[in-house]
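First up is the structure itself, then whatever we jot down about it.
Count residues from 1 along the sequence. These numbers come from a predicted model, not from an experiment.
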Amino acid sequence: MGSVAAMLKDQGYTITGSDQSVYPPMSTFLQSKNIQTIEGFARENVDCKPDLVVVGNAISRGNPELEAVLDRKYFYLSLPETLKFFFLKDSHNLVVSGTHGKTTTTSLLAWVFEAAGKSPNFMIGGIPGNFDQGCRHTGKAHWILEGDEYDTAFFDKRSKFLHYLPELLIINNIEFDHADIFDSLEQIKLSFRRLVQIVPSSGMILVNADNPTAVEVTKQAHSQILEVGFSKNAGVRITDLKSHQSHTSFRLIDHDFELPMFGRHNVHNAAMVIAAAHTYQISLDSIADALTNFKGIKRRMEVRYQANDITIIDDFAHHPTAIAETIDGLNRRFPGRRLWVLFEPRSNTTRRNTFQESLPQALAGADRVILTEIARPEQLSANERLDTKKVVNDLNTLGTDAHIVLDPADVPKKVLADLKKND
């Protein structure tokens with residue numbers, strides 16, 4: 001929201017905004033753009049009779065400012081609709097979707113286009129190391145967007161990505177997630193089928209050849225389909241995967257690539273980027289050079305501390321598949337070292353018992369696991385909550401040394417009691 005506000009400010013619009021607890025870095029970013037922010041929500045905040053009110057998807061009925069907007073019949077849009085109306089309808093849009101890997105794939109794709117001199121516009125749900133900002137408007141031909149399947153706004157429960165007008169669509173993978181808004185995998189598949197249906201016949205869809213659900217939702221597509229993956233049936237096939245101390249190497253489209261990231265999932269993300277960029281006449285040599293110089297994304301296997309033979313890594317993974325892939329990637333990156341996983345179930349899905357059986361399996365690749373109680377337990381009934389004690393018991397049964405700590409603030413004390421060289 002802050003990034004789009006800044007882009008509109010740069011186009012000459014007068015922008016104000018309200019939020020609860022505005023804090024850095026977004027507060028200082030908005031100040032640098034001379035955008036006025038108001039702490040808290042009140043009816044008088046919209047007494048200025050705005051020409052447009054952009055309503056974030058965290059805003060719900062009962063919010064006094066929203067109630068004033070509805071009472072006074074002010075024109076309002078969701079954030080994705082605002083992007084579509086002001087920016088995307090006049091550009092060529094590449095949309096990256098899927099349950100996992102969206103942020104990494106979008107960041108890498110934007111960087112490949114940047115390194116090729118195309119100066120793309122982009123919107124990313126994270127901070128890429130090569131840009132130090134998550135959203136940029138250059139006015140050039142291409143928009144590269146992270147396409148989120150989460151809902152749009154209180155008045156529009158469709159997925160955000162349905163507003164992004166994709167000419168090229170990437171579907172990384174599809175699994176069940178977001179249990180707070182989707183009841184089943186079938187509902188998620190329906191949302192992706194709708195996304196596939198809005199790609200024009202002149203467009204292209206890149207789909208994960210190794211994910212049957214992703215392939216399934218493209219069956220009724222009107223555009224060209226290109227399957228990418230390790231599968232022998234893939235139109236663009238990944239081969240010769242090797243892990244090295246500082247990078248991962250692989251082969252694609254008869255060309256060798258090196259990626260300064262680890263894990264099979266990140267190679268898959270990179271393969272999607274290579275296939276996509278190649279369709280825009282970016283040379284394989286240029287793509288390979290960009291991959292080598294990719295700086296990663298904050299909170300995606302980000303090394304935060306390295307001293308006294310101890311390494312601390314921050315990662316955003318919360319879905320069991322992403323957790324398992326991350327653990328596998330870290331074991332490959334740091335072979336022979338004892339791997340701790342410190343995990344607080346915070347997302348709307350991991351706080352629920354949706355992944356009660358799969359979460360222990362995902363965490364079992366670690367040597368030691370410290371699990372906290374779920375965040376905000378009062379928001380869920382007892383029969384909805386993840387049973388963290390059972391997760392720990394299941395992990396111990398699987399042979400992983402696991403413990404539960406009730407308060408996240410006590411986790412460092414628990415770790416320090418048994419920290420060893422090379423952990």
Side-chain angles (χ1 to χ4, degrees), residues 94 96-109 112 147 168-177 185 188-189 192 196 204-219 221 224-279 282 284 287-288 290-292 294 296-297 300-301 315 317 319-333 335 358 361-362 364-365:
L94 296 80
V96 179
S97 70
T99 308
H100 320 295
K102 292 186 294 292
T103 302
T104 298
T105 307
T106 313
S107 301
L108 188 52
L109 185 59
V112 167
L168 181 133
L169 171 64
I170 291 174
I171 304 179
N172 264 347
N173 39 63
I174 301 175
E175 291 192 73
F176 183 72
D177 199 2
L185 179 60
I188 295 174
K189 285 159 62 176
F192 276 90
V196 165
M204 175 177 279
I205 299 173
L206 273 59
V207 62
N208 183 346
D210 308 318
N211 186 275
T213 308
V215 173
E216 178 192 337
V217 301
T218 64
K219 292 299 184 187
Q224 183 179 348
I225 303 289
L226 182 61
E227 295 187 10
V228 181
F230 293 94
S231 168
K232 291 180 180 179
N233 298 322
V236 175
R237 190 180 176 200
I238 307 164
T239 60
D240 300 332
L241 174 63
K242 295 184 180 73
S243 294
H244 308 271
Q245 190 169 2
S246 61
H247 65 277
T248 305
S249 64
F250 61 97
R251 192 166 177 81
L252 195 81
I253 318 177
D254 295 324
H255 200 284
D256 293 320
F257 294 93
E258 292 184 357
L259 182 70
M261 302 178 78
F262 297 85
R264 189 181 174 97
H265 62 304
N266 279 322
V267 171
H268 215 299
N269 296 335
M272 286 292 198
V273 168
I274 295 163
H278 193 48
T279 67
I282 298 177
L284 293 174
I287 297 169
L291 259 62
T292 302
F294 184 56
I297 308 103
R300 303 303 191 278
M301 285 202 205
D315 195 84
H319 188 285
T321 300
I323 292 168
E325 292 281 7
T326 299
I327 290 172
D328 177 66
L330 290 169
N331 281 323
R332 291 174 186 274
R333 182 175 179 179
S358 55
Q361 298 288 337

Polar side-chain atom of [X] near backbone of [Y] as donor-acceptor pair, under 3.5 Å:
{"X": "Asn208", "Y": "Asn172", "value": "yes"}
{"X": "Thr99", "Y": "Glu175", "value": "yes"}
{"X": "Asn331", "Y": "Gly365", "value": "yes"}
{"X": "Asp328", "Y": "Gly263", "value": "no"}
{"X": "Asn173", "Y": "Asn211", "value": "no"}
{"X": "Arg251", "Y": "Asp254", "value": "yes"}

Taking ring pair (Phe, Tyr, Trp, His ring centres under 6.0 Å) as the definition, give me every residue that meets it alongside [X], ordered by chain and number, with sequence neighbours left out.
{"X": "Phe294", "answer": "none"}
{"X": "His265", "answer": "none"}
{"X": "Phe262", "answer": "none"}

Would Val207 and Val217 count as a side chain to side chain contact (heavy atoms under 4.5 Å, CB included) if you check the C-alpha gap in whole Å, the side-chain angles of each, and the deciding distance to 0.1 Å? CA-CA 10 Å; Val207 62; Val217 301; 6.0 Å; no

How close do [X] and [Y] get, counting heavy atoms only, and between which atoms?
{"X": "Ala221", "Y": "Val196", "answer": "CB-CG1, 3.5 Å"}
{"X": "His255", "Y": "Leu284", "answer": "CD2-CB, 3.6 Å"}
{"X": "Ser243", "Y": "Arg332", "answer": "OG-CD, 3.6 Å"}
{"X": "Ile171", "Y": "Ala214", "answer": "CG2-CB, 3.9 Å"}
{"X": "Ala362", "Y": "Ile327", "answer": "O-CD1, 3.4 Å"}
{"X": "Ser97", "Y": "Phe192", "answer": "OG-CE2, 3.5 Å"}

Could you tell me whether the side chains of Asn266 and Thr248 share a donor-acceptor contact shorter than 3.5 Å?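 Not at all, the side chains of Asn266 and Thr248 share no donor-acceptor pair under 3.5 Å.
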
Inter-residue atom distance [X].[atom1] - [Y].[atom2], 0.5 Å rounding:
{"X": "Leu330", "Y": "Met301", "atom1": "CG", "atom2": "CE", "answer": "4.5 Å"}
{"X": "Leu206", "Y": "Thr279", "atom1": "CG", "atom2": "OG1", "answer": "7.0 Å"}
{"X": "Asn269", "Y": "Thr106", "atom1": "CG", "atom2": "OG1", "answer": "9.0 Å"}
{"X": "Phe257", "Y": "Leu259", "atom1": "CZ", "atom2": "CG", "answer": "11.0 Å"}
{"X": "His319", "Y": "Thr326", "atom1": "NE2", "atom2": "OG1", "answer": "12.0 Å"}
{"X": "Leu169", "Y": "Thr218", "atom1": "CG", "atom2": "OG1", "answer": "9.5 Å"}

Show which side-chain atoms of residues 226-239 pair as donor or acceptor with protein atoms under 3.5 Å away, not counting sequence neighbours.
| from | atom 1 | to | atom 2 | distance (Å) |
| --- | --- | --- | --- | --- |
| Ser231 | OG | Asn233 | N | 3.1 |
| Arg237 | NE | Phe230 | O | 3.2 |

Residues which pass salt bridge (Lys or Arg N to Asp or Glu O under 4.0 Å) with Glu216, listed by chain and number, not counting sequence neighbours: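 With neighbours one apart ignored, the set is Lys189, Arg193.
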
Lys219 meets the side chain to side chain contact (heavy atoms under 4.5 Å, CB included) criterion, sequence neighbours left out, with Val215

Heavy-atom distance under 4.5 Å between the side chains of Pro320 and Gln361, does that happen here?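 Of all side-chain heavy-atom pairs linking Gln361 with Pro320, none is under 4.5 Å.
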
